[in-house]
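Right, one structure below, let's go through it.
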Amino acid sequence: MTAARLPASTYRLQVSAEFDLDRVAALADYVRALGADWLYLSPLLQATRGSTHGYDVVDHGAVDAERGGAEALERAVHAARAEHLGVLVDIVPNHVGVADPAQNRMWWLLLRDGAEGEAGRWFDVDWAFGGGRVRIPVLGDELAQVIADGHVTLLPDGAVHDSDAGDGELAQPEPGPAVRVYDTVYPLAEGTLPTPDSDPTAPNVLQAVLDAQHYELVHWRRADAELNYRRFFAVNTLAAIRVEDDEVFDESHREIIRWVRDGLADGIRVDHPDGLLDPGGYLDRLAAATGHAPVWVEKILEGDEQLPVAWQAAGTTGYDALASIDRVLVDPAGRAALGALDAELRGDEKPLDWHALIRRTKRHVADTILRSEVLRLERELPAPDEGEHPIADAADALAELLACFPVYRSYLPVGAEHLAEAVAAARASRPDLDATITALEPLLADPEQPVARRFQQTSGMVMAKGVEDTAFYRVSRLASLTEVGADPGEFAVDVDEFHRRQALRQAAYPASLTTLSTHDTKRGEDTRARIHVLSEVPEAWASVLAALREGAPIGDGPFENLLWESLVGAWPVEADRAHAYAEKASREAGTSTTWTEPN
């Protein structure tokens with residue numbers, strides 16, 4: 001590998017069981033013919049069986065078998081080298097897949113052995129809050145009822161594959177007794193099997209066995225406020241790991257470092273660095289381990305926000321460029337008419353206030369699906385001195401500060417101004433919390449305070465879920481502006497502003513990627529480009545929309561506008577695909593239906 005080598009252009013391939021590494025190898029000459037000079041590969045470490053995306057890693061020591069395994073990776077890289085292509089690989093340092101404990105050895109060991117076991121240092125668990133147990137929100141009813149309904153079975157000899165799948169081989173990462181709940185197998189701690197004279201099917205026996213474990217199986221709805229392990233956003237089946245721990249970093253990156261050392265990878269794309277305790281420190285460690293191989297970070301920047309200058313990164317993955325390219329293609333003359341149409345559909349006299357909307361949606365997220373994270377922040381506050389009282393209404397104020405935080409996160413002391421902005425905004429929106437906010441501010445501004453470190457990890461979760469996954473589906477002025485890394489409050493930019501932004505990117509991080517769509521974008525660039533055209537014909541669109549609403553009324557004007565704009569942009573589109581999008585968009589918006597309370 002040539003350390004200084006940087007791509008002129010990349011071609012991203014989503015590697016999966018259906019499109020494995022041997023198919024990647026077969027495309028190397030095609031990618032070169034297109035003009036790209038690097039292959040850009042999705043995560044390759046062993047993921048949950050059947051995973052199409054690969055971001056749910058279960059084994060950091062192996063290339064995913066369904067994707068072809070280590071030998072297929074070597075063949076793919078060999079084909080790339082034959083075409084003089086570099087190789088960029090996506091990695092996931094923040095979290096692992098835990099949907100099936102039997103597939104993830106470290107999670108299995110955590111559940112079996114608890115905080116003091118080998119895996120105790122791997123995961124970010126608040127053991128005290130759970131009474132020494134990690135809560136797993138997987139039940140559809142209370143545990144006693146799940147047992148009574150016959151969904152719990154003890155496996156004294158552990159789980160084995162059936163004869164067709166594995167000829168009786170162990171179907172768990174370590175030998176030992178286990179329990180099957182529904183269709184999922186969990187480990188049992190040593191010495192917790194019932195005595196031989198007990199009835200292993202009796203409800204009281206099963207309850208006693210499960211009560212003796214280092215984990216507590218709970219109703220899935222309890223995750224909102226009672227979870228005690230950090231996740232990727234609100235995804236219960238993606239548990240965060242503590243890469244700030246030297247041993248965890250070493251074990252989770254050994255294979256990745258080998259790829260770089262052995263010339264199988266020239267660069268690395270780091271997924272979701274904002275979830276890490278210390279992103280800058282992590283990048284320093286990664287650079288030292290890989291001989292300073294170029295790294296691109298999946299970092300969403302707001303407005304003129306820049307990457308911290310001390311980060312050892314070649315740049316971002318390009319969402320910041322995407323937003324500007326979109327807006328230079330939008331006709332600013334359509335702003336007033338499309339804004340008036342959106343207001344009419346909402347029954348308002350004035351256009352939507354985007355920033356007021358996202359404060360509400362972020363606050364809702366902090367009070368619901370991420371309530372567990374807010375309450376953990378409250379528990380991280382230092383204990384009051386003798387004779388003093390705890391900070392009153394701390395959870396309420398923390399949630400408000402998260403809702404008012406203007407960017408994804410700070411990296412104290414870098415970004416302290418964003419905290420100051422959030423404090424001012426929270427005081428304005430909730431003057432009743434002024435005294436509490438005053439008490440919290442110095443704690444949240446101190447990078448040595450545990451609550452400050454965790455607040456920085458949490459603010460990005462609230463931003464992502466409140467904005468990208470909620471507010472974006474409530475804005476209909478121009479659906480193409482609701483894209484990852486973009487601000488729908490900004491309608492268009494002129495050519496001079498566009499060039500100013502690109503000059504700034506070039507000066508700060510000339511090797512940053514420029515992208516128009518990714519696996520995370522809401523719509524492809526071709527779809528967005530078609531929707532942009534509506535800014536040139538706003539009156540015609542208003543007329544067409546009225547006819548569409550009359551012919552197929554839903555009763556939710558803003559959502560109908562969002563839906564029809566999206567369908568026009570994607571046309572022609574199959575009915576099943578259109579229905580799936582309508583279902584997702586309506587449930588993400590959460591105005592009349594949600595994923596947990598479907599209508």
Side-chain angles (χ1 to χ4, degrees), residues 302-303 322-364 406 429 466-498 522-523 525-571 578 581-582 585-586 588-593:
E302 297 288 327
L322 177 156
S324 295
I325 292 169
D326 271 339
R327 277 150 184 76
V328 80
L329 299 176
V330 171
D331 187 349
R335 181 200 317 262
L338 290 176
L341 173 61
D342 181 64
E344 177 187 340
L345 294 170
R346 294 177 188 282
D348 295 334
E349 294 182 0
K350 292 188 282 187
L352 177 71
D353 183 333
W354 166 249
H355 294 289
L357 171 65
I358 63 172
R359 194 208 70 81
R360 294 194 302 271
T361 56
K362 289 170 67 179
R363 180 61 205 242
H364 177 73
S429 61
V467 178
E468 294 172 29
D469 292 346
T470 305
F472 274 7
Y473 294 93
R474 297 186 186 182
V475 178
S476 71
R477 180 172 64 170
L478 196 61
S480 51
L481 302 182
T482 56
E483 195 48 84
V484 178
D487 177 359
E490 180 179 65
F491 189 80
V493 300
D494 60 25
V495 173
D496 288 343
E497 173 61 15
F498 174 78
K522 306 297 183 185
R523 301 169 185 85
E525 67 268 32
D526 52 346
T527 297
R528 297 199 311 276
R530 295 186 191 108
I531 297 172
H532 291 342
V533 174
L534 300 182
S535 67
E536 302 174 23
V537 288
E539 291 81 9
W541 173 246
S543 177
V544 169
L545 178 64
L548 291 169
R549 294 184 66 204
E550 182 178 355
I554 297 176
D556 183 338
F559 175 71
E560 289 171 287
N561 193 20
L562 175 76
L563 177 60
W564 284 115
E565 285 184 358
S566 300
L567 294 180
V568 165
W571 198 263
Y581 174 76
S586 61
E588 296 284 16
T591 52
S592 59
T593 182

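In what follows, every heavy atom counts, from backbone to side chain, and hydrogens, waters and symmetry copies are set aside. In this text, all values refer to a predicted model and were calculated from it rather than measured experimentally.
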To the nearest 0.5 Å, how far apart are CG in L534 and CH2 in W564? 13.5 Å
What I want to check is whether the side chains of R523 and S566 have a donor and an acceptor closer together than 3.5 Å. yes
Please answer whether the main-chain N or O of A479 pairs with a side-chain N or O of T482 as donor and acceptor at a distance below 3.5 Å. yes
On a heavy-atom basis, the closest approach of R359 and S429 is CD-CB, 4.2 Å
Kindly list each side-chain donor-acceptor pair under 3.5 angstrom involving residues 537-555, sequence neighbours excluded, with atom names and distances?
{"from": "W541", "atom 1": "NE1", "to": "N561", "atom 2": "OD1", "distance (Å)": "3.0"}
{"from": "R549", "atom 1": "NE", "to": "E560", "atom 2": "OE1", "distance (Å)": "3.0"}
{"from": "R549", "atom 1": "NH2", "to": "E560", "atom 2": "OE1", "distance (Å)": "3.2"}

Under 3.5 Å, which donor-acceptor pairs do the side chains of residues 327-345 form with other protein atoms, sequence neighbours left out?
{"from": "R327", "atom 1": "NE", "to": "E490", "atom 2": "O", "distance (Å)": "2.9"}
{"from": "R327", "atom 1": "NH1", "to": "A323", "atom 2": "O", "distance (Å)": "3.2"}
{"from": "R327", "atom 1": "NH2", "to": "L481", "atom 2": "O", "distance (Å)": "3.0"}
{"from": "R327", "atom 1": "NH2", "to": "D487", "atom 2": "O", "distance (Å)": "3.1"}
{"from": "D331", "atom 1": "OD1", "to": "A333", "atom 2": "N", "distance (Å)": "2.9"}
{"from": "D342", "atom 1": "OD1", "to": "R346", "atom 2": "NE", "distance (Å)": "3.3"}
{"from": "D342", "atom 1": "OD1", "to": "R346", "atom 2": "NH2", "distance (Å)": "3.4"}
{"from": "D342", "atom 1": "OD1", "to": "S476", "atom 2": "OG", "distance (Å)": "2.6"}
{"from": "D342", "atom 1": "OD2", "to": "R346", "atom 2": "NE", "distance (Å)": "2.9"}

Can you tell me how far the NZ atom of K362 sits from the NE2 atom of H355, to the nearest 0.5 Å? 10.5 Å
Search all heavy atoms of G569 against all heavy atoms of I531 and return the closest pair with its distance. CA-CG1, 3.8 Å
Apply side-chain contact (heavy atoms from CB on, under 4.5 Å) to the pair W354 and V467, showing each step before the final yes or no. CA-CA 10 Å; W354 166 249; V467 178; 3.8 Å; yes
Taking every non-hydrogen atom, the tightest pair across A589 and Y473: CB-O, 3.5 Å
So do V568 and R530 actually touch side chain to side chain, heavy atoms under 4.5 Å? no
Testing the basics here: between L562 and V475, what is the closest heavy-atom pair and its distance to 0.1 Å? CD1-O, 3.6 Å
Report the C-alpha distance between R528 and L322 in whole Å, list the side-chain angles of each, state the deciding distance to 0.1 Å, and finish with yes or no for side-chain contact (heavy atoms from CB on, under 4.5 Å). CA-CA 11 Å; R528 297 199 311 276; L322 177 156; 3.5 Å; yes
Going by side-chain hydrogen bond (donor to acceptor under 3.5 Å, both in side chains), name the residues that satisfy it together with E497, two or more places apart in sequence or in a different chain. R500, R501
Quick one: does P406's side chain get under 4.5 Å of E302's, heavy atoms only? no
Kindly give the heavy-atom pair with the smallest separation between S480 and D326, and that separation in Å. O-OD2, 3.9 Å
Taking the side chain as everything from C-beta on, heavy atoms only, tell me whether S535 gets closer than 4.5 Å to F491. yes
Give a yes or no on whether H364 atom NE2 has more than 12 heavy-atom contacts from other residues, nucleotides or ligands under 6.0 Å away. no
Between K522 and E483, which heavy-atom pair has the shortest distance, and what is it? N-OE2, 2.7 Å
May I ask you to decide if P488's main-chain N or O and R477's side chain share a donor-acceptor pair within less than 3.5 Å? yes
